[in-house]
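Below: one structure, written as structure tokens.
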Amino acid sequence: MLDRRPGAADLEQVTTNAKTTPTTMAWITSPWTRAVIITTMLAGQAAVIGLAWVMVVRHEVFGPSAAEQAQPDELTPLAQAAARAVESAAPPDLERGSAGWSLAQQVLETVRLPDSARIEIVANDGTLLCSPGMPPLPGFDPDGAPASYQPTSRTSTVSVDLAGLDAALVVTQRLQGDEGLRPAQAKKLTAGTVAGGAGVMLVTGIGCAGLISVHGRRLQRQNAELTRRLTEQNREVVRTRNAMIYGLAKLADYRDSDTGDHLDRICQYAALLAGELAKHRDEIDPLFIETIRLAASMHDIGKVGIPDRVLLKPGRLDPDEMAVVRTHPRIGADTLLGIRERFGYEDSMLCMSIDIALGHHERWDGGGYPDGVAGESIPLSARIVAVADVYDALTSVRVYKPAMPHEQATRLIREGSGTQFDPAVVAAFVRVEHAFDRVRRASGAAEPLRTAAA
């Protein structure tokens, strides 16, 4: 015996599925995802800007040491001492090749200089007068030798005027390593680079956040529209399926009665009982009630497999004929099982229909058919439909009996509590019996029926 209760109606399930898929597609709209994207982008920008900063201001990182930057102060005493030595030699002039020039050259050549330093005497007009290694005659200068003093920004320079000679003694030293900007200029460039990089990161970060937000809102709108369309399509599918199922159930019921009123009443009775039980049982929810309202219509679908000579016999059935009729629960359940296996889908309404078709003639005490199961082994939906089906059979006209009054039928169902019926279902029936009577009267159940009932 199957024991399956639907946890949700089909429409609720397909609506949930429709909402889940677009939400998954819109993962980018979640706050943590946006934070990861923005952080990653800013980290990449920081790396690029940092590399550019190192390349642009590398002269500050790898430039002259503090000691090298202090060299002008160290060269000053050396230049002053050399200037005094030249003045002590008292050269009358520094014309190239003259005796005075030779004296000045001898002084310059005896000065001990630091590495990469040079000493020269330069006229006030910039003419180079003396330099260690300078030949006395201009014609013997090596090719490319400078004719005038040419200072550069890559040297540390100290100049001391020579009294009476209209010239100055100049000591220069080439800076070691990657000389470049002075410290103040380097600091200014560094600060500007950092400020510019921070500004770029801030602007692009805000822009990225804005673009992600716009894209996220667009995705949400698209997802909402997709959800709406999928939900509507699935509603149509469910409505169409339910209409076809109910139509098939009606067709089967017409073989056993002149009208489809029996089927309509069974569905209403089952929904009434389920609604009353829901007040005391947590497992019954509104979705269960709506599902059983339709699934109850399939309770006698197996009668399509009963021969007409038995199903339409005008009178009571003999034991052999009754045995044939009692096969209809199995026929109905097998038919619905075949449909479920064919589609490979655990449809909640179809599963409940199988339970009802197979179990609505089982008894609480185990004396029913087709499997003789008892108690709560019978699915709850089948136990509900069992009471609804018996009440309708008792209060309806059959060719072998008149319709039973509502009060008498109610009394018989009460007497069957704990033997034929689930006591909890019978208690719910007693609480809503007047609603049963109203449904019966509204449907015209007292009208004669043409054929026998099972």
Side-chain angles (χ1 to χ4, degrees), residues 54-193:
V54 170
M55 296 178 65
V56 170
V57 298
R58 60 190 300 267
H59 47 70
E60 182 178 18
V61 179
F62 303 105
S65 65
E68 290 171 332
Q69 292 177 358
Q71 283 178 354
D73 294 335
E74 297 177 356
L75 294 178
T76 299
L78 178 63
Q80 291 174 345
R84 287 194 296 270
V86 171
E87 291 172 347
S88 298
D93 58 61
L94 294 176
E95 183 180 353
R96 191 171 181 178
S98 66
W101 178 88
S102 298
L103 292 174
Q105 280 285 93
Q106 292 177 3
V107 172
L108 296 184
E109 290 176 352
T110 59
V111 176
R112 299 184 60 181
L113 297 172
D115 293 339
S116 71
R118 58 185 294 182
I119 187 169
E120 298 166 321
I121 296 177
V122 181
N124 291 338
D125 61 2
T127 302
L128 181 62
L129 301 177
C130 295
S131 177
M134 176 182 287
L137 298 176
F140 292 93
D141 285 339
D143 294 339
S148 62
Y149 175 68
Q150 298 176 348
T152 68
S153 61
R154 296 179 293 179
T155 58
S156 294
T157 303
V158 175
S159 177
V160 178
D161 291 335
L162 297 175
L165 295 177
D166 293 329
L169 186 143
V170 178
V171 178
T172 60
Q173 183 178 22
R174 183 171 56 87
L175 296 177
Q176 302 298 320
D178 289 335
E179 85 299 344
L181 301 177
R182 293 190 297 274
Q185 294 174 319
K187 289 180 181 179
K188 183 177 180 180
L189 179 59
T190 301
T193 302

Legend entry - Of all pairs that satisfy side-chain hydrogen bond (donor to acceptor under 3.5 Å, both in side chains), the ones with a partner from residues 97-107, not counting sequence neighbours: D93-S98
Legend entry - Results of side-chain contact (heavy atoms from CB on, under 4.5 Å) for L162 - residues two or more places apart only: A83, V86, E87, I121, L165, L169
Legend entry - Spacing of OG1 belonging to T127 relative to CG belonging to D166, to within rounding of 0.5 Å: 11.5 Å
Inset, instruction - Return the minimal non-hydrogen interatomic distance between A168 and D161, and the atom names on each side. - result: CB-OD1, 3.6 Å
Legend entry - Atom of T172, atom of V170 and distance for their closest heavy-atom approach: CG2-CG1, 3.7 Å
Legend entry - Shortest non-hydrogen separation from V107 to A85 and the atoms involved: CG1-CB, 3.6 Å
Legend entry - Under the side-chain contact (heavy atoms from CB on, under 4.5 Å) test, residues paired with P132 that sit two or more places apart: L108, E109, I119
Legend entry - Nearest atoms (heavy-atom pairs only) where L103 meets A89: CD1-O, 3.8 Å
Legend entry - Within-4.5 Å side-chain heavy-atom neighbours: P114 and L78: yes
Legend entry - Contact summary for A79 and V158, nearest pair of heavy atoms: CB-CG1, 3.7 Å
